[in-house]
Amino acid sequence: MSAPLKDSSKFRPVVKNASFPQQEESILEFWRDNEIYDKSLAQREGQEKFVFFEGPPTANGKPHPGHCLTRAIKDLFPRYKTMRGYYCERKAGWDTHGLPVETEVSKQLGIHTKEEIEAHGVEPFIHLCQKSVWTYMQEWERLTERLGFWVKLDSAYVTYHQSYVESVWWSLKNLFDRGLLYQGHKIIWWWAQGGTGLSAGEVGQGYRTVMDPSVYILFPLLDRKNTSLLVWTTTPWTLPSNQFAAVNESIEYVTVHDPELDHNIVFAKDLVEKISQKVKRELEVKSTEPGSALVGLRYKPPFDYFYKDTGDQTGELADGGTEHVAWRVTSADFVTTDSGSGAVHEAPAFGEVDYELLVSEQARFKRGQGPEMICAVAPNGKFTDVAPEYEGQWVKDADKPITRQLKDEGKLYHQEQYQHEYPFCWRADDDPLIQYPRRSWFIKTTQFKDQMVANNQKINWLPEHIKDGRFGNFLDSNVDWALSRERYWGTPLPIWVCEATGEMESVDRYEDLIAKPGATGMEVWEKAKAADPDLVDDLKVHKPYIDHITYDSPFESGARMKRVPEVIDCWYDSGAMPFAQWGYPHQGKEQFEAQFPADFISEAIDQTRGWFYSQLAISTMMFGEDAAEGQKSFEYPLPFKNCIVLGLMLSEWWEDEKDKDGKKNIYLSPEEAKSAPGKPAHKVGKMSKSLRNYRAPDEIFDVYGADALRWYFFAKQPPWTSIQYSERQIKESVPEFLSRLWNVYNGFFVEYAILDDFSPSSLEKPGQLSHADLAGGEGYRPVAERGELDRWIISELHQTLDVVVNSMDAYDNYGSCTRITAFVEALSNWYVRRSRDRFWAKDKTAPEKLDAYWTLYECLTTTAKMIAPFVPFLAETIWQNLTSVFDGNARLSVHLCDYPLAEEGLIDADLSRRMGLLRDIASSGLSARANAKLKVRQPLSGVTVVLNDSADQSWLETHDEILKTELNVLDVKYTTDAGEFVTYQVVPNFKRLGPRVGKLMPKVKKAFSEADGGAILAELTDTGKSSLVVEGETIELDSEDVEVRLQANEGWAAAQGKQSVIVLATELTPELVRSGLARDVNRQVQERRKSLDLERSDHIKLYLVTESEELAQALSENKEYLMGETLANELHQEPPSDSIEPVECEIGEALLKIFVAKDVANGNQA
RNA sequence: GGGCGUGUAGCUCAGCUGGUUAGAGCGCGUCGCUGAUAACGACGAGGUCCCAGAUUCGAAUUCUGGCACGCCCA
């Protein structure tokens, strides 16, 4: 089709079969070329702010579909708020530190342990880390852009940048100076052979089922003669380091007499039978007491390595008095009677809960007077000389000899083997891990627990249960933040220690550091930089360079200050992002104060203990009521006000065995899986890089487009639902929504507007094509003056806007999308469908026709604006073409428009209700036809609609035409009189009657079913009242107390709608049959027109030849109808004289030859 | 082992504060429509709302206890 491209007052014809992905690419180009994002921001400058924080992703792996969801949601609300008039900056950010990066680099180098890293050299290792961070940078940026996520990538914050590091340092110095940063021990899973601790993730990978000893040891009680506490443990090698025995205060304990040993033994009452069975002898219970009675009793531990020197040591308690520091019975809630003896051996060096018990014991004493942790094992996992008998032995190998020694000494009461899960090193799977204490730095977050809990209450969590559920619980069980990491690539802990006195101080700027008296060591960096000028300057604040910088101690002359070796937890980096992204307070003061707190953030649920917590903790400590003096504190020290917690995205894949190199999981789509050789196993689970169990987002973009993916995320479920990601679902969102709207826009509106020369170009100030902007266009009539259908769809549009805006303001994208989908469905399947006649009308200037164009135009432009935040590409495509007629006078981009708001005056609730009823009746009518096997092409003489409520009858009666066309009937009758077609059923309104009649309800229900529905209804209609007698009680009824249902009687071609029954007249007269035949003929002629590639506006000469008398009569009776429908200038019932290729087809029983030829002479005469 | 969440049609998911006929989309089947046409409409099959108890006149919905799955932590 040759389009008048030069005529800018006409719409551009849209390329047929344009693919969404291709269109999106050109929209991206348009946005780039015209800097639309920047303009959308500039336009809102000075307006109220909507603050968004980007939770920094780590760019050292390829992005997967789960990341797309996060980024899509992060884009949606800022776009929406911007259109609503807010100023919303979006600064990107990248998380660059931490173990994942080190692991990635180690893999490249083929090394594992810290020793190997040191051997390789920390300096080159760090260089690799810094570079590795950007390995997938481009892919992330491309994904971000391709998805339509508008965020400022070129001014992104980066956690390893000097300004960022110094901002983090500032906060750490602040905490240090306030005494909130302290050193303590942390029990970690320790790989003794490798000399390193393992992260939780690594530990989780290495669990195996093993058999370990389970031993019951006698701890003689010093205060009770001939009596021992029976203590249980599964790690005999920790017994030499025993410090306490723990019982549960609320459990009952017994003292039993063992006849064989002639000794009294104390253990949990519930376990008497079990333990008797184990030792195979009757144990006589002598007395019972609560666990609390045992607390404080002293005992003699099985080994005296430590006991011999300090067994009698006492210390002063904080609230007066003295107590023995160790080898006492203490109380602990975690002790149960599920296994063991109800008394547990405690070696604080080798267990986290044991260590916590030590800490709480220490807290009872005056400072320095309490128990010190004891430990008979060296970091290499071997006994030290403290335990001479076992010195140099690997702890796990010592289990047996230790048990044997205890047995020989009569201290072992019972032993057995037991099976459990135990972690091994994931890279050396013969090495079991042990729990082991390491020196570590902590932040005293527990001091801020109440404030954090209070701040959490102010956050609007979506879904709500996060607040008091997962997040709230986590806060309640807050422990001090273990901040330090004995690693290399991270923010260095900015604390320098005096080598002589151990006094410490914190430094928060590199500049200040090198200005310290006697500072040296900067040359190491300078040399490195000179040798490799490409090194980024930010590296100088990192290991190893920073470690070389020392200076004169202010605490003792002649001594030097040296940095502690640790780096910090990278979660602290990200949690500091609200201020560190600006380099605050060294710079960016204004930006920070204007951009805190965030109005909106969103991440997946796995960030509960990650970014959500780190932000809240740091903000509360830094800016809360107890903030450092001089520090600006905020009314809301919480870092964010609204937080959408996304569900986890699971992947669906098929595991195939054909790949032999150890990576046997290959993503196969359902189709591929079907045709794959062998039997791929269907699996569902977390998306993971190593499993390769998903398809790269790029492929999705290329096949379905970003809008399809976005719509799938936004419209298919609330965002916090854990979804099983499936390509099929994405594929479905295309026809369901995108192409449906596309068909209305392109397949319908644009095509006809071009044919009809309709254009809104007469508007002098199109502006953003708001309702008001459209008035004054050529042929424009106010909505109130237009036909009902037009008023109806405008009303639907504005009701939709109302719902969408309210939902979006409440961060409910799912609710918005559901409503938008319904609107587009109504637009496509009712408005356009019912308006076709007007679009086809010949008179291009008929007011009804122009009304239809203006109405649809308004619907489409408004819809484009409405969907712009959701599917920005499609919205832009539609907008660009719909505004192309204005020579650049309209808004350049849909994203520069204000979000459309509902106008009360355009909403007509009655009309919406009635139209709904009409649609329901039409749909039931079609259903009735289908049931009666009367195809729609066959006209029927009429239908009768029985309403259960006459309120809308007169309105409906004026809309017969719609039903006549929809149902292809000649006549429509309405009645509320049941007649013989239907039966009235009156059922109780349970919601209303239930509370009133209570227990009588079942009987009332029965009474209703037995009563004469018609009579009750009649009474209610006449007097507004009725009554029922149940069990002698009279129940007064008004019309609200009952619901009327209609039931179509058997034997009629009828169907039931929500509030009506529709009955067909099924009798077919010969005339009706012939009329049906004519419609069949029309259909075949249209088919022929298409096969001849005729344009829709081409006129034809038509020859229809049949030997059937009936069909011939049908043709002549319906000649005008046929000519009109097929644009035939002439219709003959004999063959043409010139050679026209005929087609033959069956109409009913008869054969028909069809000759169609384009009428060149009279073509396009319209 | 603990916390949190989830369990509804073949699939993916809705179902608000309890109201008696549990929905949508897709898929499948049947039929229709044909100037939106690689679109559209109707109908149908398909559900012990995970199980068991309790509360209630009434439970997919509330409570208790299980089971299964997922996540986080241990």
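From a predicted model like this one, the values you see are computed outputs, not experimental measurements. By convention in this document, chain letters (A, B, ...) are assigned in the order of the sequence lines, proteins followed by strands, and residues within each chain are numbered from 1. What's counted below: heavy atoms across the whole structure, side chains too, no hydrogens, waters or symmetry copies.
- Nearest-nucleotide positions on RNA chain B place I466(A) closer to the 5' end than the other of G1124(A) and I466(A).
- Comparing the same atom, P, in rC72(B) and in rC11(B) gives a spacing of 26 Å after rounding to whole Å.
- Only the C1' atoms considered, rA9(B) is 28 Å distant from rC4(B), to the nearest whole Å.
- Residue pairs meeting the salt bridge (Lys or Arg N to Asp or Glu O under 4.0 Å) criterion with at least one partner in residues 990-1005 of chain A, sequence neighbours excluded, are R992(A)-D1038(A), R992(A)-D1041(A), R996(A)-D1041(A), K1003(A)-E1031(A).
- In this structure, Q1086(A) and S739(A) both approach RNA chain B, and ranking their closest nucleotides by distance from the 5' end singles out Q1086(A).
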Using nucleotides 61-66 of chain B, report all nitrogen or oxygen pairs with the protein that are shorter than 3.5 Å.
none

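- Rounded to a whole angstrom, the distance from the P atom of rU34(B) to that of rG27(B) is 23 Å.
- As judged by a 4.0 angstrom heavy-atom cut-off over every strand, N473(A) is placed among residues touching the sugar-phosphate backbone only.
- Under 3.5 Å, the side chains of Q1086(A) and N1082(A) contain a donor-acceptor pair of N or O atoms.
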For this session: Would you sort out whether Y814(A) and W720(A) count as a ring-ring contact (aromatic ring centres under 6.0 Å, His included), showing the intermediate values?
Result: CA-CA 10 Å; Y814(A) 177 69; W720(A) 44 84; 8.9 Å; no
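- A gap of 35 Å separates the P atoms of rG23(B) and rA38(B), to the nearest Å.
- R919(A) comes within contact range of no nucleotide atom at all, as no heavy-atom separation falls under 4.0 Å.
- Not counting sequence neighbours, T818(A) has no partner by the side-chain hydrogen bond (donor to acceptor under 3.5 Å, both in side chains) test.
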Pairs under 3.5 Å (N/O, protein and nucleotides 17-27 of chain B):
from	atom 1	to	atom 2	distance (Å)
rG25(B)	O2'	E736(A)	OE1	3.1
rG25(B)	O2'	E736(A)	OE2	2.3
rC26(B)	O2'	E732(A)	OE2	2.2

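- When the P atom is compared between rU6(B) and rG46(B), the two are found 30 Å apart, to the nearest whole Å.
- Taking only side-chain atoms of R833(A), from C-beta outward, the nucleotide of rC40(B), rG35(B), rU34(B) with the closest atom is rC40(B).
- rC33(B) and rG41(B) have their C1' atoms separated by 7 Å, with the value rounded to a whole Å.
- Pair assignment for rA39(B): none, as no Watson-Crick or G-U wobble contacts are both less than 3.5 Å.
- Q717(A) comes within 4.0 angstrom of the backbone, heavy atoms only, and of no base.
- On the C1' atoms, rU56(B) is 10 Å away from rU62(B), given to the nearest whole Å.
- Summarising the base pairing, rA54(B) is matched to rU62(B) through a Watson-Crick or G-U wobble pair whose two defining distances lie under 3.5 Å.
- Residue I605(A) holds its CD1 atom at 8.5 Å from CZ of F612(A), rounded to the nearest 0.5 Å.
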Exercise. For Y712(A) and Y704(A), what are the C-alpha separation, side-chain angles and deciding distance, and is it a side chain to side chain contact (heavy atoms under 4.5 Å, CB included)?
Worked result: CA-CA 11 Å; Y712(A) 161 69; Y704(A) 308 108; over 6 Å; no
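- Side chain R470(A) to base rC71(B): a donor-acceptor pair is found below 3.5 Å.
- Residue P718(A) places its side chain closer to rA14(B) than to any other of rA14(B), rG35(B), rA39(B).
- If you check rA36(B), rC57(B), rC72(B) against the side chain of R836(A), the one that comes closest is rA36(B).
- Partners of W711(A) by ring-ring contact (aromatic ring centres under 6.0 Å, His included), not counting sequence neighbours, listed by chain and number: F737(A).
- Close to rG41(B), at under 4.0 Å from its OP1 or OP2, lies a side-chain N or O of N829(A).
- Counting heavy atoms from C-beta outward, W232(A) and S214(A) have side chains that approach closer than 4.5 Å.
- Listed pair R1079(A) / rU34(B) meets the phosphate criterion, a side-chain N or O lying under 4.0 Å from OP1 or OP2.
- Contacts of Y814(A) with the nucleic acid, taken as non-hydrogen atoms under 4.0 Å apart, involve only primed sugar atoms and P, OP1 or OP2.
- One can place CD of E464(A) at 16 Å from P of rC4(B), the figure rounded to the nearest angstrom.
- Comparing the P positions of rA60(B) and rA68(B) gives an interatomic distance of 24 Å, to the nearest angstrom.
- Residue pairs meeting the salt bridge (Lys or Arg N to Asp or Glu O under 4.0 Å) criterion with at least one partner in residues 461-470 of chain A, sequence neighbours excluded, are absent.
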